[in-house]
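Order of the sequence lines sets the chain letters (A, B, ...), proteins ahead of strands, with each chain counted from 1. Atom set for the values below is all heavy atoms of this structure, side chains included, hydrogens, waters and symmetry mates excluded. Bear in mind the structure is a predicted one, so any value in this text is a computation, not a measurement.
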Amino acid sequence: MMEWNSLLTQRLEQPLLAWFAEQAEWANAQPRPVWQETRPEFEGEITLVLFGPAKQAGLSPAVLAERLNQFWPTLRMEDGSPLLSQAHAVGGFLNLSLSQAYWRWRWSQGYSLNHQGGDVEFHPETIVLEYSSPNTNKPLHLGHVRNNLLGDSMYRILSSLGHRVIRVQVINDRGIHICKSMLAWQKFGQGQDPRSAGVKGDHWVGHFYVEFERAYQDQIQELVGQGRSREEAENQAPILVEARQMLQLWEQSDPAVVELWKKMNAWVYEGFEVTYQRLGIGFDRNYFESETYLLGKSLVERGLQQGLFRRDESGAVWVDLQDRGLDSKILLRSDGTSVYITQDLGTAEQRQHDWGFDRMIYTVANEQDYHFKVLFAILDKLGFPWAARCYHLSYGMVDLPQGRMKSREGTVVDADDLMDEVQTLAAAKLAESDKLTHLSDDQKSTLALQIGLAALKFYLLKVDPTKRMVYNPVEALDLQGHTGPFVQYAHARLSSVLAKASSENAHKATNPLTPAYENWHATERLLLRQFSQWKPTVEAAAKENNPSHVADFAYGLATAFNRFYHECPVLQEPDPEARDFRLALCRQACTLLKESLGLLGIAAPERM
RNA sequence: GGUCCCGUAGCUCAAUGGAUAGAGCAACUGCCUUCUAAGCAGUAGGUUACUGGUUCGACCCCAGUCGGGAUCACCA
């Protein structure tokens, strides 16, 4: 992730292109320079790759490098000081070191995100961002957690760049699954509610979903034992028949069923809210399937009238997408009821109506890749111009070391348990430390949650979202190495230094990058280089819908700071110019660590 | 079977078509009288699944093979 800015364009690239153009040998073939970040094992910050231009010029890279050596010293900053301090050719690469004058200028521009004053013209967009979207029959699990963290981080990233982001979820509150829980509760719940049962609402409802499945499986066994076929038994088990009847009643707005439905969904929402709050995520608007599933139907009717869809003999409505390389897809059942995708069509149009979004992002697992291809194709077929601006943020499944999570085998990792676990572990770690004995129990508990969540969030966000990943509980709970707590720790050390500096009044608040101190340590230079990568990192993360870039940055900056901290005294530095410079670096590093953690939804405690 | 995704150190993950493929964990060595050792420095670990092709240059692009996963419901 190399920073490129207007100064580098004007003072480095344009003169280089002009110089190329003056070279008669290859004036007919204007080479396009390829820039990259210099690898850390070489001297320099920016590297010009010479293979292409050398070939076009008919020269060896070494000869071209030799000629360019006449050119580099002519490059100047606006005030006439040199732009580059060194140029080393290594093989086909030219490694350029930027001058201290450049780094001083870069410092003066600031590093924090500031969408008003960027190099590129910025167009803020209204973006509807969907994530989470659970069913209401069971609690959230590890898969939801990855989903929620991705969505939340994308919200923070896009917002930080100045976009208006509306966080939404669609809640699948309707259908046979919730009826199963309702029925089981009626049969086995003995009138208990979450409070009287002492169970969190979503878990309470989830418990009855499991109870239903148990009773259902028992009945199937029984029927098979009586000589029915498996298929027959699965279809005719009395408890399933009853659940279907309940769904029918719900669709007819039967008052008793609707009341029960409302009551049990309310339990679930209460439970979800606790989980969301603890996880630190939220939403601006919920779309309930029960409220939007009918909207899709009218959209389908419209498509039928326009001849875009067709109705078969049984009365079912289909869309043919073979011209787009997809299959036919059913939109309405023969009994006229809507299917999953019908509801999504309606919800999409509703959201465009509600927000007039420029873009919409659906954070949904990659097992639904095909579903979203079809959805967007249908929206396009219906003639919505915004269909092309809908995007499926497709992420990979989270596996366990022993394979996929399976509810039947009881291996599903529950979101609440997960947070308990990480908090407990962090609390144990705090308890063995003697650094924080002065904190109250409440403060310790809060800190433990912050650290535990940092471990969990960083673990899930550092991976490229598109990739399937393995959740290894032992590694996820690690507080050392390539982890969230590692980054937090760097931030805490910095905070501590800065707190002491201000209490000692050590910082004189002069321009910390004056030429008075110019004997920069390699780790100081590295920090400046890291700072400049912050903005391009966030822009890349936004463009690619990939928060892992932000996690990479945070880790890289924390590492750079740790090295600096090890090599360079700050408060104990006798030279006041050097001390000011280092304190300024510390202040900036602290700010950017906090910002980068912030975009991952991770707290930056000042002590740990 | 059709379509899509994936295969990198023992494990988990990085690497805009560029340099000697990098981190962390696990293993082994050093470093706390020194601004927070949740740290730093070092050792070891690789035929980037395999075979071909394109290219000055391929983990990356193309074709094929093998292996894993997802999806192709009048389920959601």
Just to be sure I understand the rule, does [X] reach a base, reach only the sugar-phosphate, or reach nothing, if contact means heavy atoms closer than 4.0 Å?
X: A:C586; value: nothing
X: A:E573; value: nothing
X: A:S314; value: base
X: A:L430; value: base
X: A:E432; value: nothing
X: A:Y370; value: sugar-phosphate
X: A:V34; value: base
X: A:K467; value: sugar-phosphate
X: A:M469; value: sugar-phosphate
X: A:R468; value: sugar-phosphate
X: A:T47; value: base
X: A:D399; value: nothing
X: A:Y340; value: base

What nucleotide among [options] has an atom nearest to a side-chain atom of [X]?
X: A:V470; options: B:U12, B:U36, B:A70; value: B:U12
X: A:S334; options: B:A38, B:A19, B:C74; value: B:C74
X: A:E367; options: B:G39, B:U71, B:U55; value: B:U71
X: A:A316; options: B:C74, B:G7, B:U36; value: B:C74
X: A:E475; options: B:C11, B:C40, B:U36; value: B:C11
X: A:H371; options: B:A38, B:A76, B:G24; value: B:A76
X: A:D327; options: B:A23, B:A14, B:C72; value: B:C72
X: A:F42; options: B:A19, B:U71, B:C74; value: B:A19
X: A:N95; options: B:A14, B:A19, B:U34; value: B:A19
X: A:F51; options: B:G18, B:G7, B:A23; value: B:G18

Send over the distance from [X] [atom1] to [N] [atom2], rounded to a whole Å.
X: A:F372; N: B:A70; atom1: CZ; atom2: P; result: 19 Å
X: A:N562; N: B:G39; atom1: CG; atom2: C1'; result: 6 Å
X: A:Y565; N: B:U34; atom1: OH; atom2: C1'; result: 10 Å
X: A:H566; N: B:U34; atom1: NE2; atom2: P; result: 13 Å
X: A:I451; N: B:U36; atom1: CD1; atom2: P; result: 16 Å
X: A:K435; N: B:G39; atom1: NZ; atom2: P; result: 10 Å

- Would you say the side-chain atoms of A:S548 and A:D464 include a donor-acceptor pair closer than 3.5 Å? no
Salt bridge flag under 4.0 Å for residues [X] and [Y]:
X: A:E234; Y: A:R230; answer: yes
X: A:E45; Y: A:R529; answer: no
X: A:E301; Y: A:R311; answer: yes

What interatomic distance, in whole Å, is found between [atom1] of [M] and the corresponding atom of [N]?
N: B:U65; M: B:G22; atom1: P; value: 33 Å
N: B:A9; M: B:A14; atom1: P; value: 13 Å
N: B:C4; M: B:G10; atom1: C1'; value: 31 Å
N: B:U34; M: B:U47; atom1: C1'; value: 48 Å
N: B:C59; M: B:G18; atom1: P; value: 10 Å

May I ask you to evaluate whether [X] reaches the phosphate of [N], defined as a side-chain N or O under 4.0 Å from OP1 or OP2?
X: A:K462; N: B:A23; result: no
X: A:R563; N: B:C40; result: no
X: A:R404; N: B:G68; result: no
X: A:Y489; N: B:A38; result: yes

If [N] has a Watson-Crick or G-U wobble mate with both distances under 3.5 Å, name it; if not, just say none.
N: B:U43; value: B:A27
N: B:U34; value: none
N: B:U8; value: none
N: B:C75; value: none
N: B:U55; value: none
N: B:A70; value: B:U3
N: B:G64; value: B:C50
N: B:G17; value: none

- Query: Hey, are the side chains of A:Y391 and A:F376 touching, using non-hydrogen atoms and a 4.5 Å cut-off?
  - Reply: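 No - every pair of side-chain heavy atoms lies 4.5 Å or more apart.
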- Task: Name the orientation class of the two ring planes belonging to A:F93 and A:F51 (parallel below 30°, tilted from 30 to 60°, perpendicular beyond 60°).
- Result: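 Perpendicular: the ring planes of A:F93 and A:F51 meet at over 60°.
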- 5'-most contact on RNA chain B: A:S548 or A:T559, nearest heavy atom basis? A:S548
- Compare the ring of A:F93 with the six-membered ring in the base of B:A19 and state whether they stack (centres under 5.5 Å, planes under 30°).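 Whether judged by distance or by angle, A:F93 passes, so it stacks on the base of B:A19.
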- Take A:F553 and A:W534 through the ring-ring contact (aromatic ring centres under 6.0 Å, His included) test and state the conclusion after the steps. CA-CA 7 Å; A:F553 173 89; A:W534 175 228; 4.7 Å; yes
- Query: Is B:C32 syn or is it anti, if syn means the base angle is within 90 degrees of 0?
  - Reply: syn
- Tell me, please, whether A:F561 has A:R493 positioned over its six-membered ring: NZ or CZ under 6.0 Å from the ring centre and within 45 degrees of its axis?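 The answer is no, since A:R493 fails at least one limit relative to A:F561.
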